[in-house]
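Note sheet for the following structure.
All values reported here derive from a predicted model rather than from experimental measurement.
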Amino acid sequence: MENKVRVRFAPSPTGPLHIGGVRTALFNYLFARQNGGTMILRIEDTDSNRFVPGAEDYINEALQWLGIGIDEGVREGGNFGPYKQSERRDIYRKYVKQLLDNGKAYIAFDTPEELDTKRKEVANFQYDASTRMSMRNSLSLPKEEVDRLIAAGEKYVVRILVEPNRDVLVNDLIRGEVTINSSVIDDKVLYKSADDLPTYHLANIVDDHLMEVTHVIRGEEWLPSAPLHVLLYEAFGWKDTMPQFVHLPLLLKPDGKGKLSKRDGDRLGFPVFPLEWHDPVTGDISSGYRERGYLPQAVVNFLALLGWNPGTDQEIFSMEELIKAFSFEHCSKKGAKFDFEKGKWFNHEYLMNMDDAELAEIFKPELAKHGIDASQFSDDYIARAVGMIKSRINFVGDIWDNAKFFFQAPTEYAPKDIKKRWKEDTPETMRLLIEVIKGIDDMTSANAEAIVLGWIKDNELHLGNVMNAFRLTVVGECKGPHMFDIAELMGKDEIIARIERGIENIKPIVE
RNA sequence: GGUGGUAUCGUCUAGUGGCCCAGGACGCUGGCCUCUCACGCCGGAAACCGGGGUUCGACUCCCCGUACCACUACCA
């Protein structure tokens with residue numbers, strides 16, 4: 001099909017995929033799916049110095065966890081491969097030669113050291129039309145000298161030849177037209193001598209062209225180099241098939257200024273990576289959303305609303321709904337400060353709306369972590385237990401703290417609650433309560449409640465004191481679900497046993 | 001320093017000249033519900049960066065200023 005949407009997410013395997021990168025991937029994915037297009041995952045490993053083992057696997061695993069599907073890529077294959085730039089050397093060489101032959105680029109012999117000193121000597125030094133003739137390159141040097149240097153094995157780079165004083169127009173789908181004068185664009189290195197690979201700029205344009213990418217959706221940090229990319233499309237004669245540009249606003253630090261970085265997560269106590277990452281070099285461990293107990297749907301939903309809005313009051317979106325509702329018109333131009341509190345709320349919402357049985361399955365490993373053999377309890381028991389506490393948690397990891405009493409009798413009782421609810425005469429009341437409960441045949445919540453509350457009323461006891469003392473013996477503290485729902489689930493024998501233990505172990509606190 | 005981008009409650013944002021003495025959500029907060037903690041429900045505080053224009057009328061358009069962000073590598 002002609003004009004079929006093709007987008008790519010093109011991360012560098014230089015470490016764990018950053019949450020901002022995840023957002024970029026997500027928007028690419030949403031746009032692709034919405035238009036029945038293709039989502040490409042291209043690995044941009046043209047910086048051999050920064051390559052990190054494991055990073056590529058991490059990217060794949062993270063996207064998979066989040067449900068961001070890839071149609072073409074290193075793993076998925078496709079008709080436009082290879083999808084890893086380090087495997088495309090020959091392709092890039094061919095196109096660099098084309099540029100050189102057309103006079104759109106030239107070779108330069110200046111070493112990194114020479115450039116460094118130049119930058120120190122000259123304020124605002126820029127390798128461009130105004131300076132290139134004073135540098136060592138194929139434009140400034142006689143041809144014989146150039147040939148001699150090459151023959152002598154001198155290292156050189158290829159630079160784009162930027163014509164000065166021309167307005168370069170970039171059309172961006174969320175920012176409109178951006179114009180930049182070519183005089184402020186430098187003769188960027190297209191091909192590096194250091195590792196015999198192209199730079200991002202060249203590889204990016206060649207690959208997007210060859211892979212027939214229709215929309216380049218990337219972070220705002222690329223906006224300044226977009227004009228250079230336009231110039232490159234022109235130099236290759238590909239202007240008419242140039243993709244649409246879309247520069248997404250950045251994810252910023254929650255406090256202070258600047259874009260969200262790895263350090264912010266450590267500093268503020270929240271993950272900036274989707275998955276936990278073990279750095280192979282330093283051995284450092286960075287926390288991930290998955291390991292923190294986030295649901296992938298919640299992370300996706302939260303990220304989608306950072307920099308995009310539906311134009312309505314709806315906030316909870318499934319992936320399918322996002323695909324339907326997404327649009328660049330409703331993308332913000334402004335960087336979004338990362339609000340971890342809102343992220344927690346999203347997770348809370350998803351947890352609360354999750355099916356009890358499904359949540360129970362996620363919770364089972366947590367039980368094991370705390371030394372509980374889940375097989376002692378029926379699936380139904382665990383499901384009903386988590387169902388009762390899910391409205392009061394934000395993370396899967398919070399379930400244990402709130403639900404442990406369902407799986408083990410309390411060994412400690414909250415002093416604050418003892419002080420308030422456990423008086424000298426409480427043990428006697430509890431003994432009477434045991435007798436009342438023993439007499440109940442049907443422990444169904446409503447029935448048991450009617451009987452116990454009736455007994456409290458008939459004997460003119462204090463409802464709050466009795467119920468909270470009761471709760472203290474069963475739960476260990478004065479919080480949690482409805483008492484008679486707990487009683488129904490745990491059963492008469494267990495409840496009575498716990499009250500007895502409470503009578504035995506809880507001593508009034510007097511000051 | 002240069003270039004580009006951006007500018008509405010603390011935060012994410014709605015708003016595309018009159019519907020806005022600015023709406024929603026998170027967070028904060030008062031109350032209700034209630035055996036407790038949550039959930040839920042009802043309420044509250046909280047914003048159009050500043051200055052000039054344009055216009056009958058500007059949060060919305062233009063200019064200037066300011067602030068913030070990004071880029072300014074043989075990194076992506």
So for atom [atom1], which belongs to [X], do other residues, nucleotides or ligands contribute more than 12 heavy atoms lying within a distance under 6.0 Å?
X: A:Lys262; atom1: NZ; value: yes
X: A:Tyr58; atom1: OH; value: yes
X: A:Glu163; atom1: CD; value: no
X: A:Lys192; atom1: NZ; value: yes

What's the gap between [N] and [M] when it is taken at their [atom1] atoms, as a whole Å value?
N: B:rC20; M: B:rU13; atom1: C1'; result: 16 Å
N: B:rC21; M: B:rC48; atom1: C1'; result: 12 Å
N: B:rC63; M: B:rA22; atom1: P; result: 29 Å
N: B:rA14; M: B:rU3; atom1: P; result: 30 Å
N: B:rA73; M: B:rC68; atom1: P; result: 22 Å
N: B:rU55; M: B:rC41; atom1: P; result: 49 Å
N: B:rG18; M: B:rC12; atom1: C1'; result: 28 Å
N: B:rA58; M: B:rG17; atom1: C1'; result: 6 Å

Could you tell me whether [X] and [Y] make a salt bridge, using a distance below 4.0 angstrom between a side-chain N and a carboxylate O?
X: A:Asp255; Y: A:Lys253; value: no
X: A:Asp45; Y: A:Lys84; value: no
X: A:Arg175; Y: A:Glu220; value: yes
X: A:Arg498; Y: A:Glu494; value: yes

Have a look at [X] and say if it touches a base, only the backbone sugar-phosphate, or nothing, with a 4.0 Å heavy-atom cut-off.
X: A:Lys390; result: nothing
X: A:Thr111; result: base
X: A:Asp47; result: sugar-phosphate
X: A:Asn465; result: nothing
X: A:Pro481; result: base
X: A:His247; result: nothing
X: A:Val157; result: base

* To do: Would you verify whether the NZ or CZ of A:Arg132 falls within 45 degrees of the ring axis of A:Tyr127 while also being under 6.0 Å from that six-membered ring's centre?
  =>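 Not satisfied by the 6.0 Å and 45° rule.
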* Do the numbers put A:Arg23 on top of the ring of A:Phe27, so that NZ or CZ is under 6.0 Å from the six-membered ring centre and no more than 45° off the axis? ->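 Ring-cation test returns yes.
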From C-beta outward on [X], which listed nucleotide comes closest to its side chain: [options]?
X: A:Met352; options: B:rC74, B:rG40, B:rA70; result: B:rG40
X: A:Arg471; options: B:rG27, B:rA76, B:rC35; result: B:rC35
X: A:Arg50; options: B:rC26, B:rA70, B:rC75; result: B:rC75
X: A:Ser391; options: B:rC71, B:rC26, B:rC39; result: B:rC39
X: A:Glu44; options: B:rA76, B:rC35, B:rG24; result: B:rA76
X: A:Leu250; options: B:rC35, B:rA70, B:rC39; result: B:rA70
X: A:Pro112; options: B:rU36, B:rC39, B:rC74; result: B:rC74

Between [atom2] of [N] and [atom1] of [X], the distance in whole Å:
X: A:His201; N: B:rC71; atom1: NE2; atom2: P; result: 12 Å
X: A:Glu113; N: B:rA73; atom1: CD; atom2: P; result: 16 Å
X: A:Asp128; N: B:rA73; atom1: CG; atom2: P; result: 12 Å
X: A:Asp398; N: B:rC39; atom1: CG; atom2: P; result: 13 Å
X: A:Leu351; N: B:rC39; atom1: CG; atom2: P; result: 13 Å
X: A:Asn204; N: B:rC75; atom1: CG; atom2: P; result: 15 Å
X: A:Lys188; N: B:rU72; atom1: NZ; atom2: P; result: 6 Å
X: A:Tyr413; N: B:rU36; atom1: OH; atom2: C1'; result: 17 Å

Which nucleotide, in any strand shown, forms a Watson-Crick or G-U wobble pair with [N], with both distances under 3.5 Å?
N: B:rA25; result: B:rU11
N: B:rC41; result: B:rG31
N: B:rA67; result: B:rU6
N: B:rG1; result: B:rU72
N: B:rG18; result: B:rC56
N: B:rA46; result: none

* For A:Phe484 and for A:Val184, find the nucleotide of RNA chain B with the closest heavy atom, then tell me which residue's nucleotide is more 5'. =>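 The answer here is A:Val184.
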* Pick the nucleotide of RNA chain B nearest each of A:His482 and A:Thr199; which residue has the one closer to the 5' end? ->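 Closer to the 5' end of RNA chain B: A:His482.
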* Rounded to the nearest 0.5 Å, how far does CD1 of A:Ile107 lie from CG of A:Asn137? ->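 Result: 9.0 Å between the selected atoms.
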* Structure fact -> Contact string for nucleotides 5-14 of chain B, one letter per nucleotide 5' to 3', B = base within protein heavy-atom range under 4.0 Å, S = sugar-phosphate only, - = neither, reads SSSS--BSSS
Kindly say if [X] contacts the phosphate of [N], meaning a side-chain N or O under 4.0 Å from OP1 or OP2.
X: A:Arg421; N: B:rU36; result: no
X: A:Arg218; N: B:rA70; result: no
X: A:Thr14; N: B:rC75; result: no

* Asked: Is the base of B:rC74 touched by the side chain of A:Ser193 through a donor-acceptor pair closer than 3.5 angstrom?
  ->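 Check passes, donor-acceptor contact within cut-off.
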